[in-house]
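Below: one structure, written as structure tokens.
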Amino acid sequence: MALPLLSYGPTSQNQRVVGYEVGGDEQPRVFTTENLLSASDMDGLIWAAYRQIFSEHQLLKANRQTILESQLRYGQITVRDFIRGLVLSETFRRYNYEFNDNYRFVELVVQRVLGRDVYSEREKIAWSIVLGTKGIKGFVDALINSPEYMENFGDNTVPYQRRRILPQRAQGETPFNLKTPRYGAYYRKKLGFPQLGAGLPAKRIPDRGRRGGDPTDYRDLARLVIYSVKTPPATATIPEDFLAAVPRRR
């Protein structure tokens with residue numbers, strides 16, 4: 001017996017604020033099949049769908065879903081079906097589901113599919129229950145078939161990050177595919193990702209003065225630079241088999 005979706009209340013995030021502003025570079029470009037005029041327009045729509053669903057470092061030629069692209073080009077599926085296929089693809093599952101817990105995976109998919117952040121921890125828990133009881137397909141179907149998705153994107157529009165800016169802001173929010181890294185904090189700690197500059201000793205360079213650009217004035221400084229490069233901190237070393245340390249779902 002499937003559990004009902006846990007109720008949660010929406011909050012006043014950017015996408016829920018009504019505003020009137022002149023379009024600009026910060027405003028998202030809407031890609032839809034309702035106004036396609038050429039094959040290049042379809043190429044741009046497909047590329048926009050990949051950028052919305054996948055992170056920037058996952059946009060590789062080998063990860064393209066050519067069968068889904070062909071079906072979309074010939075009108076056999078809608079844009080909504082194309083988005084569903086990308087989220088349910090083996091590539092998306094391997095890069096996002098297997099290396100994250102349910103809560104983080106829910107946050108990723110809500111951002112990419114509904115174009116907004118999760119409202120609260122309660123919403124994250126609610127969709128995590130759906131993911132745990134119905135699996136990935138049931139969870140994705142519930143999101144894409146939801147009234148919120150249909151009202152904002154429908155069958156023909158690629159999802160986008162809704163209302164990245166408010167009128168009083170000079171710069172918009174960071175896009176979701178750049179804002180949320182692939183690994184959560186737990187997995188980054190497990191892998192031992194280094195921090196730039198960690199462990200480097202602070203060295204004070206003596207002030208010897210300059211005598212018309214004499215190279216000997218910079219000899220000691222050059223030795224310090226060479227020394228620091230040859231002896232990097234131990235925390236900056238990533239083992240070759242670091243992926244083996246990442247817990248995977250079974």
Side-chain angles (χ1 to χ4, degrees), residues 2 5 15 27-100 102 104-118 127-128 130-164 175-182 248-249:
L5 181 64
Q15 76 278 352
Q27 299 295 332
R29 179 182 173 185
V30 178
F31 292 87
T32 176
T33 55
E34 296 176 355
N35 56 5
L36 292 182
L37 301 177
S38 63
S40 61
D41 292 338
M42 177 61 77
D43 293 337
L45 185 146
I46 292 175
W47 178 247
Y50 279 113
R51 288 189 61 189
Q52 175 67 18
I53 300 303
F54 291 93
S55 298
E56 291 291 333
H57 65 276
Q58 299 172 3
L59 295 178
L60 305 175
K61 183 177 181 179
N63 295 337
R64 294 180 60 179
Q65 307 298 312
T66 55
I67 296 179
L68 289 175
E69 291 182 24
S70 178
Q71 291 175 336
L72 179 62
R73 292 180 188 276
Y74 287 96
Q76 297 175 343
I77 60 175
T78 63
V79 174
R80 184 161 68 106
D81 295 328
F82 183 66
I83 296 298
R84 188 200 314 268
L86 292 183
V87 181
L88 293 178
S89 65
E90 180 61 29
T91 300
F92 189 85
R93 178 191 180 99
R94 182 171 66 252
Y95 288 154
N96 299 282
Y97 177 75
E98 293 185 359
F99 292 103
N100 288 290
N102 284 1
R104 183 173 174 78
F105 183 72
V106 163
E107 182 180 6
L108 288 173
V109 177
V110 169
Q111 288 176 346
R112 312 289 171 79
V113 173
L114 297 183
R116 63 167 175 84
D117 265 321
V118 291
W127 286 116
S128 297
V130 176
L131 176 61
T133 55
K134 297 184 178 181
I136 297 180
K137 186 178 186 305
F139 164 58
V140 173
D141 287 342
L143 280 182
I144 293 184
N145 297 332
S146 65
E148 181 180 359
Y149 183 94
M150 295 302 299
E151 179 181 351
N152 289 280
F153 309 116
D155 286 325
N156 304 317
T157 303
V158 176
Y160 53 87
Q161 188 169 345
R162 293 180 274 156
R163 288 197 57 80
R164 285 185 54 211
F176 290 141
N177 57 354
L178 298 177
K179 174 181 176 181
T180 308
R182 175 182 176 185
R248 283 173 171 253
R249 298 171 183 260

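Because only heavy atoms are used, hydrogens play no part in the values below, and waters and symmetry mates are left out as well, while side chains stay in.
Looking at every heavy atom in both residues, Leu114 comes nearest to Ser146 through CD2-OG, 4.1 Å. The two residues Trp127 and Val106 have their closest heavy-atom pair at CB-CG1, 3.5 Å. Between Glu98 and Glu90, the shortest heavy-atom contact is OE2-OE2, 4.4 Å. Nearest heavy-atom pair, Phe31 versus Gly44, reported as atom, atom and distance to 0.1 Å: CE2-O, 3.7 Å.
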### Task
Kindly determine whether Asp43 and Arg73 satisfy side chain to side chain contact (heavy atoms under 4.5 Å, CB included), including the steps that lead there.
CA-CA 9 Å; Asp43 293 337; Arg73 292 180 188 276; 2.8 Å; yes
### Task
Quick one: do Arg162 and Asp117 satisfy salt bridge (charged side-chain N to carboxylate O under 4.0 Å, His left out)? Show the steps, please.
CA-CA 10 Å; Arg162 293 180 274 156; Asp117 265 321; over 6 Å; no
### Query
Between Leu72 and Met42, is a side chain to side chain contact (heavy atoms under 4.5 Å, CB included) present by the stated rule, with each step listed?
CA-CA 9 Å; Leu72 179 62; Met42 177 61 77; 4.2 Å; yes
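The aromatic rings of Phe139 and Phe105 sit tilted relative to each other, their planes meeting at an angle between 30° and 60°.
Of the inter-residue distances, the one linking Leu143 atom CG with Ile83 atom CD1 reads 12.5 Å to the nearest 0.5 angstrom. Between the CD atom in Gln65 and the OG1 atom in Thr91 there is a gap of 4.5 Å [rounded to 0.5 Å]. Taking CZ of Arg51 as the reference point, atom OH of Tyr160 lies at 15.5 Å (rounded to 0.5 Å). How far CG of Leu45 is from CD of Glu69: 11.0 Å, rounded to the nearest 0.5 Å. To the nearest 0.5 angstrom, Arg112 atom CZ is 6.0 Å from Phe92 atom CZ. One distance of note links CG of Leu68 with CZ of Arg84; it measures 11.5 Å at 0.5 Å rounding.
Using a 4.5 Å heavy-atom threshold, the side chains of Val87 and Phe54 count as separate. In this structure, the side chains of Ile144 and Val113 come closer than 4.5 Å at one or more pairs of heavy atoms. Contact of the Ser89 side chain with the Ile53 side chain is not registered, since no non-hydrogen atoms from C-beta on lie closer than 4.5 Å. Using a 4.5 Å heavy-atom cutoff, the side chains of Met150 and Asn145 are not in contact. Using a 4.5 Å cut-off on side-chain heavy atoms (C-beta onward), Arg93 and Ile136 make contact. Counting only heavy atoms from C-beta outward, the side chains of Ile46 and Phe82 approach each other to under 4.5 Å. Between Arg80 and Phe153 the shortest side-chain heavy-atom distance does not fall below 4.5 Å.
Thr32 places a side-chain N or O within donor-acceptor distance of the main-chain N or O of Asn156, the cut-off being under 3.5 Å.
For Ser70, there are no side-chain hydrogen bond (donor to acceptor under 3.5 Å, both in side chains) partners, not counting sequence neighbours. Residues forming a side-chain hydrogen bond (donor to acceptor under 3.5 Å, both in side chains) with Ser40 (at least two apart in sequence, or on another chain): Ser38.
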